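Everything numeric here is computed off the predicted structure, so don't read it as measured data. Heavy atoms only: backbone and side chains are in, while hydrogens, waters and symmetry mates are out.
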Number of protein chains: 2
Amino acid sequence: MYRQIGASGSFGGHGRLAAADLAVAQSGQLDALLAIERLALRLNYARNQEIYAEGDPGGYWYKVVSGAVRVFKFLADGRRYLAQFCFAGDCFGFEGTDERLFSAEAVSNAVVLRLPRHATERLVDQNPAAARALRETMLRDLANAYGRMLRLGRMTAAARVAAFLIEMAERSDRRKKLDLPMPRNDIADYLGLTIETVCRVLSSFKRNGIIAIPSAHSIEICDRRALDLAADT
Amino acid sequence: MYRQIGASGSFGGHGRLAAADLAVAQSGQLDALLAIERLALRLNYARNQEIYAEGDPGGYWYKVVSGAVRVFKFLADGRRYLAQFCFAGDCFGFEGTDERLFSAEAVSNAVVLRLPRHATERLVDQNPAAARALRETMLRDLANAYGRMLRLGRMTAAARVAAFLIEMAERSDRRKKLDLPMPRNDIADYLGLTIETVCRVLSSFKRNGIIAIPSAHSIEICDRRALDLAADT
DNA sequence: CGCCAGTTTGACCAAGATCAACGCAAGTGG
DNA sequence: CCACTTGCGTTGATCTTGGTCAAACTGGCG
């Protein structure tokens with residue numbers, strides 16, 4: 001699968017480019033999009049360093065080269081709402097507004113490409129295939145958003161955590177041994193739970209032999225069947 | 001504002017076309033899009049009648065002329081997840097998959113236009129302005145989706161119901177006296193609450209003078225300030 | 001070794017779900 | 001016209017889930 005380029009509506013969903021990339025590649029527009037990527041600035045961020053903040057001007061979008069990024073905002077009462085995690089190949093910061101609605105920070109040390117929005121828009125205007133790929137990506141993001149809405153609204157804590165582990169497994173290359181670079185804190189804010197609940201659920205999964213936790217940031221899925229079952233409880 | 005035409009990623013958000021329509025109108029592409037609308041079939045649905053069901057082929061999208069529509073799916077355990085309400089001018093059924101992921105039913109007696117998807121796609125491929133309008137609409141839907149995710153994940157029952165009333169007020173023409181065509185049932189499934197909780201919250205708002213409930217399906221907002229306050233508690 | 005950030009566990013509490021009645025208005029049939 | 005049903009809506013009593021508060025644990029690092 002191609003992960004070279006991308007103009008993703010990564011504002012929603014996890015922002016991978018999967019089929020969109022593929023479509024573009026197949027349509028022979030890869031060169032044009034690679035040209036865009038040559039306009040990118042390569043930036044390094046340390047753990048917890050800010051990439052942009054709510055309210056900043058939003059003239060760029062980003063693509064993760066390595067490491068992980070969190071996109072979030074603070075609520076009036078001080079709680080934090082974590083909209084998405086982005087890993088290598090994922091795009092973010094494509095909000096379509098002049099001002100950033102969210103902030104972005106590096107979860108771990110991260111390298112990202114920064115691309116000017118207007119150049120991308122020009123390309124997409126001239127290139128129906130790229131536009132179509134972008135639309136498809138956005139539709140997929142939208143579908144993801146609806147799925148997550150469902151989980152947040154109706155699923156138990158255990159189901160949310162299970163779904164999170166499954167999501168991370170799907171998005172990582174290795175399916176069994178998961179590396180979770182983010183602290184429990186971030187997971188809780190992503191799932192609309194407290195850190196204690198996340199811990200408890202993970203512990204209970206461990207007790208039941210569904211997962212193993214060799215270290216806090218490394219989780220192994222032992223019983224995928226049971227995890228799937230737990231995910232739609 | 002123009003509400004004549006639309007190719008909305010209405011799968012997300014409430015599916016209005018607001019700024020997107022405007023953009024298209026300004027760019028002088030209105031005629032082309034009106035031509036699309038001439039391909040539409042006008043359909044009548046009675047209250048609770050099915051428009052399409054999960055699993056059906058998804059070759060069309062729809063635009064509500066009058067009445068209201070709910071888009072939903074059933075979960076494995078029999079609960080229902082209500083993804084969106086659509087009113088006059090809103091579009092729905094633009095999922096981008098071959099099979100329907102959701103079902104759609106008329107909430108009240110409704111008239112809808114049904115449009116073939118491929119014709120729309122052809123238009124959008126040939127017309128960068130229309131494509132851009134569509135992208136903007138989808139981005140807005142995505143932003144709505146993230147807002148709703150936030151509410152579903154982190155807000156109290158009272159805040160969800162308050163936000164719902166505000167959303168309905170924003171979307172209806174008259175801002176004070178709200179007509180809520182959907183049963184409490186639907187509201188609960190939209191907000192991820194039980195019908196009892198929705199009732200209780202509405203009753204408490206009434207007790208506090210924030211709203212009046214002349215009849216079950218008609219709600220008057222008496223104290224908008226207090227309602228706004230309740231919405232981000 | 002001690003400190004510190006992050007993680008885990010336990011005890012208790014509260015928001016909302018569940019279960020169970022009851023109310024109420026719109027049909028429906030005698 | 002009036003019992004009776006039926007579909008919603010509302011209210012109350014109890015229970016469960018997950019949040020809150022508090023404390024202990026762990027690993028990395030000076």
A.B. asks: Report the residue (A:Arg160 or B:Thr197) whose heavy-atom-nearest nucleotide on DNA chain D is the more 5′ of the two.
C.D. replies: B:Thr197
A.B. asks: Looking at B:Tyr60, I'd like to know if its OH atom is crowded, meaning that more than 12 non-hydrogen atoms belonging to other residues, nucleotides or ligands lie closer than 6.0 Å.
C.D. replies: no
A.B. asks: Without decimals, in angstroms, what is the distance between B:Arg207 CZ and D:dG12 C1'?
C.D. replies: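 Rounding to the nearest Å, CZ of B:Arg207 and C1' of D:dG12 are 12 Å apart.
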A.B. asks: Rounded off to whole Å, could you give me the CG-to-P distance for the A:Leu180 and C:dG6 pair?
C.D. replies: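 Rounding to the nearest Å, CG of A:Leu180 and P of C:dG6 are 16 Å apart.
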A.B. asks: If each of B:Pro183 and A:Thr194 is mapped to the nucleotide of DNA chain D with the nearest heavy atom, which maps nearer the 5' terminus, i.e. the 5' end?
C.D. replies: B:Pro183
A.B. asks: Nearest whole Å is fine: how far is C:dC19 C1' from B:Glu196 CD?
C.D. replies: 8 Å
A.B. asks: Can you tell which of B:Trp61, B:Phe72, B:Tyr62 makes a ring-ring contact (aromatic ring centres under 6.0 Å, His included) with B:Tyr52?
C.D. replies: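 Among B:Trp61, B:Phe72, B:Tyr62, the one that satisfies the ring-ring contact (aromatic ring centres under 6.0 Å, His included) with B:Tyr52 is B:Tyr62.
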A.B. asks: Rounded to whole angstrom units, what separation is found between the CG atom of B:Asn185 and the P atom of D:dG7?
C.D. replies: 13 Å
A.B. asks: Can we call the ring centroids of A:Phe102 and A:Phe92 under 6.0 Å apart?
C.D. replies: no
A.B. asks: What contact category does A:Leu202 fall into here, base, sugar-phosphate, or nothing, at under 4.0 angstrom with non-hydrogen atoms?
C.D. replies: nothing
A.B. asks: Could you give the CE-to-C1' distance, from B:Met155 to C:dA15, as a whole number of Å?
C.D. replies: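 So the CE-C1' distance, B:Met155 to C:dA15, works out to 14 Å.
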A.B. asks: Output the rounded distance in Å from CZ (B:Arg79) to C1' (C:dT18).
C.D. replies: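 Between C1' of C:dT18 and CZ of B:Arg79: 13 Å.
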A.B. asks: Mind checking B:Ser203 for me? I need base, sugar-phosphate or nothing, with any heavy atom below 4.0 Å counting as a touch.
C.D. replies: sugar-phosphate
A.B. asks: Taking only side-chain nitrogens and oxygens of A:His217, does any of them come within less than 4.0 Å of OP1 or OP2 of C:dT7?
C.D. replies: yes
A.B. asks: B:Ala216 has a side chain; which of C:dT7, D:dG9, C:dG16 sits nearest to it?
C.D. replies: D:dG9
A.B. asks: Under a plain distance cut-off of 3.5 Å, with no hydrogens placed, do A:Tyr146 and B:Glu95 share a side-chain donor-acceptor pair?
C.D. replies: no
A.B. asks: From CD1 of B:Ile195 over to P of C:dG16, roughly how many Å is that when rounded to an integer?
C.D. replies: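 My rounded result for the distance is 17 Å.
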A.B. asks: When only distance counts, do a donor and an acceptor, one from the side chain of A:Arg200 and one from the base of C:dG10, lie under 3.5 Å apart?
C.D. replies: yes
A.B. asks: Using a cut-off of 4.0 Å on non-hydrogen atoms, how would the nucleic acid contact of A:Thr156 be classed: base, sugar-phosphate, or nothing?
C.D. replies: sugar-phosphate
A.B. asks: Grab the CG-C1' distance between A:Asn48 and C:dA5 for me, whole Å please.
C.D. replies: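 Value for this atom pair: 11 Å.
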A.B. asks: Taking only residues two or more places apart in sequence, or in another chain, which ones meet B:Asp228 in a side-chain contact (heavy atoms from CB on, under 4.5 Å)?
C.D. replies: B:Ile166, B:Arg224
